[in-house]
Each structure stands twice: as structure tokens, then as C-alpha cells.
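Below is one structure, written out as C-alpha cells; the observations come after it.
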Amino acid sequence: MRPDTPAETVDHTAEAARLERTAGLYPEDSEALLLRAAAHLELAGDRPTATALYDRLLSSADGLENPHLVRALKASNLWEYGHEAEARAIIEGVRVASPRDPAPWVIVAEALESHDELEAAHDTFTEAVRLLLTDVPQPLQPTHPLLFGRHRVRRMLGKSHDEWDALADTVHSLPITLDELHDPKRVWSLGSENPAELEAEITRLRAELGAYREALSRPFPVAILHWPETELSELLEAYPTLTSEYPSHETHLTTIESALRELSSSGTPNLGIVTGTVPSYEAFAASELSSPGDATLLPQYATTLAARGRAVAWPPQEGAACWCGSGQTYGECHGRTA
């Protein structure tokens, strides 16, 4: 499903089946594709089948990029159809594992919050914030939901602002403050007969909906293909006709950064980078009934990887690692002359 597909027209069961078929064609992307399929099954109300998909991923012999995320999603889904004890056990396991990715923390904390376990949700958000944001000069965007969720729960618990709430206020960008968005009394204004109160609440809801849409949007980016040095060496050894496209790895990296900056300066939105591998590229060429040595396949391959959710947004956020894999921050590496 493309991001511009209206949600009300989606057949979630059919979309889940399509994603499962695609995962069979692209096993290297099966984790991301099956997670999306499970999400569609949850939206379709078929939670037991969604759980089966999570179990399938967790039992995978190849290992997972983010097993804690899969477990968190499974726990949230289980609780929604009556398996509270199992969900609680999985949530506790995620907390004990202390993942460095904010997404599993957000999911388990919000699962607790949605079932009125506010103190437990607050403790989970706080634990995650301390783990991931202590001594961090500027919180990266993926950690913002931790700050916002913690702020929201604290407002419902009637707790006073602390330093983490102040940090949440600084990264919040909507015209309506977090205190307004998370005001527990808002629920009462929805039943008000005062037109002014209703209009004010509609304005708040629109702002909040905009924030959710922004957080959930997955743009279909204009993607540039990046080859790690070992992959590029293997590619050129197997298909020397591509040497004209890639004279050297250093030139390849410089060309990527230059192309992205040029696109950005021309006003092109949603720029990204996809990383290729030789086996994946050969499989793509075979599916196109073409030779991997055909340079015209390269942009098509990049677009296909982006459509499968493999693109990483460019430019990286401040303090994030450079896209080239050097281990330096973007500002110290390819972003130093930006």
C-alpha cells in the first residue's frame, strides 16, 4: 500500500496476504514486510493470525534485526484479545532486556497506558528515557515519542513538571503546547454545550491528529543507491561493465552526497539512501529477465528497495551516524561541508 492510499479503501486482509507473498520473494526483507502484514491483520481484527505472524518471525532461524520490537508488538496485540498474563510477561521481558531502540519501549509503555496501568506506563517511559537520553545533547526524532508519552502519562497522574518534561517541551513543534494536548480535562470539554469550548477542542484535536499523521507517515522517497565497499568490490569483480558507473568507492560516496544535495537544493522532498547487496541485486536482475551488468537496472533496483521500506532518510539528524557506514557522525563525515 502506498502512503497516498486512502485508509478507508484498504482491504487489510488482502494487503496482509500481498505482503506475505512479497516476503516470500524477498527473504532479506521478510522481517519488515511481515511486520507490516501483521499490522494490517490487527487492523482487520484478525489478532490471532497477527500473533501467528509474530511467532513466525520470532522462531526464524536467520535471526531478526529487532527481536525486541517484534516481542513488544506481539505483547500489545495479545493484550487486545484477552491474553493479559502472557502480554505482561513479554512486556516485563522487554523491559529487562533494556533495548537501545526506542520503538519497543514506546509500544510496551503505550500498551500499559491503554489498559489504565498508568503507574507502570510512567515507570516504563521513565526507564527508557533515562537509558536512551541521559547525557544526550539533542534527542533524535525516534526518541521524541518517549518524551511525549511520559509527559502525557504524568499529566494524567497529576505529577508536576520535571527536567524530562521540560525537554519534551523543547522538542515539541506544534502550535499547541504539550500541556494543552495532554490536559486530562479535555475529555470533559467534548461533552460541553459551550461552542467556544468545543471549537477550542476541535483545534487541539486537529493539531494532535497532524502530529500522529506526521509520525506515522512513511514517505516514498527519491532514493540513491549506496554500495558498501566490500559489496562494490564484489559487484565490479563479477560485472566489470559497471566500472564506468563506479570508478572507485570514494568517488561513489562523493557522488551520492553531491547528488542528494543537488536534489535538495532544487526542492525535491523525501530524499533517501538505499544500501544494495550483490545477492539482492542479482535476484532483482533475474526477476527483470536482465543481466546484472546492465547499468540501466541500477536506478530501478534503488526504487524497488525504497518501495520495500529499505530507504534511510537523508540528511541524517544532527548527531546521527553518517549514511556511509564510517562510524563517524554525519557532521564529522560527509556532512561536514553541508
Side-chain angles (χ1 to χ4, degrees), residues 2-5 26 28-29 32 137-142 144 171 173 210 213-278 280-282 284-285 287-288 290-338:
R2 286 288 300 275
D4 53 358
T5 304
Y26 303 103
E28 69 275 20
D29 292 334
Q138 181 63 33
L140 298 178
Q141 195 280 331
H144 292 184
V171 299
S173 59
R213 283 176 171 167
E214 181 181 354
L216 294 172
S217 66
R218 294 292 183 269
F220 191 81
V222 176
I224 302 292
L225 181 59
H226 163 235
W227 296 97
E229 188 169 9
T230 54
E231 294 290 338
L232 185 61
S233 297
E234 183 180 342
L235 179 75
L236 296 180
E237 183 179 350
Y239 309 103
T241 56
L242 297 178
T243 304
S244 59
E245 293 289 324
Y246 306 114
S248 70
H249 188 252
E250 184 179 354
T251 301
H252 170 51
L253 299 182
T254 302
T255 301
I256 290 173
E257 183 69 23
S258 298
L260 288 166
R261 292 189 190 185
E262 184 175 345
L263 288 167
S264 178
S265 64
S266 68
T268 304
N270 299 335
L271 298 174
I273 296 175
V274 289
T275 299
T277 65
V278 174
S280 169
Y281 178 57
E282 290 174 334
F284 172 75
S287 70
E288 295 292 314
S290 185
S291 166
D294 182 359
T296 62
L297 281 180
L298 296 169
Q300 299 176 45
Y301 175 54
T303 300
T304 300
L305 289 177
R308 282 154 50 191
R310 306 300 288 184
V312 176
W314 180 94
Q317 290 193 323
E318 182 179 354
C322 189
W323 55 265
C324 72
S326 66
Q328 296 178 296
T329 66
Y330 178 64
E332 296 169 335
C333 193
H334 281 90
R336 65 182 180 275
T337 58

Shortest non-hydrogen pair, His249 vs Pro228, comes out as NE2-C, 3.6 Å

Is the number of heavy atoms from other residues, nucleotides or ligands under 6.0 Å of Glu28 CD greater than 12?
yes

Sidechain-backbone polar pair: Ser266 side chain, Leu263 backbone, donor-acceptor under 3.5 Å
yes

Going by the rule side chain to side chain contact (heavy atoms under 4.5 Å, CB included), which residues pair with Glu245 if we only count those two or more places apart in sequence or in a different chain?
Ala295, Leu298

For a quick test of reading the model, state the closest non-hydrogen atom pair linking Ser244 to Pro247 and the distance between them.
O-CD, 4.2 Å

Side chain of Thr255, backbone of Thr251: donor and acceptor closer than 3.5 Å?
yes

Could you tell me whether the side chains of Glu234 and Tyr239 share a donor-acceptor contact shorter than 3.5 Å?
no

Donor-acceptor pair, side chain of Thr241 and main chain of Gly293, under 3.5 angstrom
yes

Can you check whether Gln138 reaches Val171 side chain to side chain, under 4.5 Å on heavy atoms?
yes

Can you tell me if Arg336 uses its side chain to pair, donor with acceptor, with the backbone of Cys333 under 3.5 Å?
yes

Of all heavy-atom pairs linking Gly276 and Glu231, the shortest is O-CG, 4.0 Å

Show your reasoning for whether side-chain contact (heavy atoms from CB on, under 4.5 Å) applies to Val312 and Trp323.
CA-CA 8 Å; Val312 176; Trp323 55 265; 5.9 Å; no

Looking at every heavy atom in both Ala320 and Pro316, which two are closest together, and how far apart are they?
CB-CB, 4.0 Å

Backbone N or O of Leu260 within a donor-acceptor pair of the Ser264 side chain at under 3.5 Å?
no

Decide yes or no for Ser290 and Thr296: does some side-chain heavy atom of the first lie under 4.5 Å from some side-chain heavy atom of the second?
no

Got a donor-acceptor contact below 3.5 angstrom from the Glu257 side chain to the Leu253 backbone?
no

Quick one: does any side-chain atom of Glu332 pair with a main-chain N or O of Thr329 as donor and acceptor, under 3.5 Å?
yes

Is it true that a side-chain atom of His226 and a backbone atom of Ile256 form a donor plus acceptor pair closer than 3.5 Å?
no

Rounded to the nearest 0.5 Å, what separates atom SG in Cys324 from atom NE2 in His334?
5.0 Å

Can you tell me if Trp227 and Tyr246 form a side-chain donor-acceptor pair at under 3.5 Å?
yes

Test item: Leu242 and Asp294 side chains (from C-beta on) under 4.5 Å apart, heavy atoms:
no

Restricting to side chain to side chain donor-acceptor pair (under 3.5 Å), what partner residues turn up for Tyr26, sequence neighbours left out?
none

Could you grab the distance from atom CG of Leu232 to atom OG1 of Thr243, nearest 0.5 Å is fine?
8.5 Å

Gln300 CD to Leu225 CG distance, which is reported to the nearest 0.5 Å:
12.0 Å

Could you list the residues that satisfy ring-ring contact (aromatic ring centres under 6.0 Å, His included) with Phe284, not counting sequence neighbours?
Tyr301

Closest non-hydrogen atoms of Leu297 and Ala285, given as atom of the first, atom of the second and distance, are CD1-CB, 3.7 Å

Only one of Thr304, Thr303, Leu305 clears side chain to side chain contact (heavy atoms under 4.5 Å, CB included) with Val274; which?
Leu305

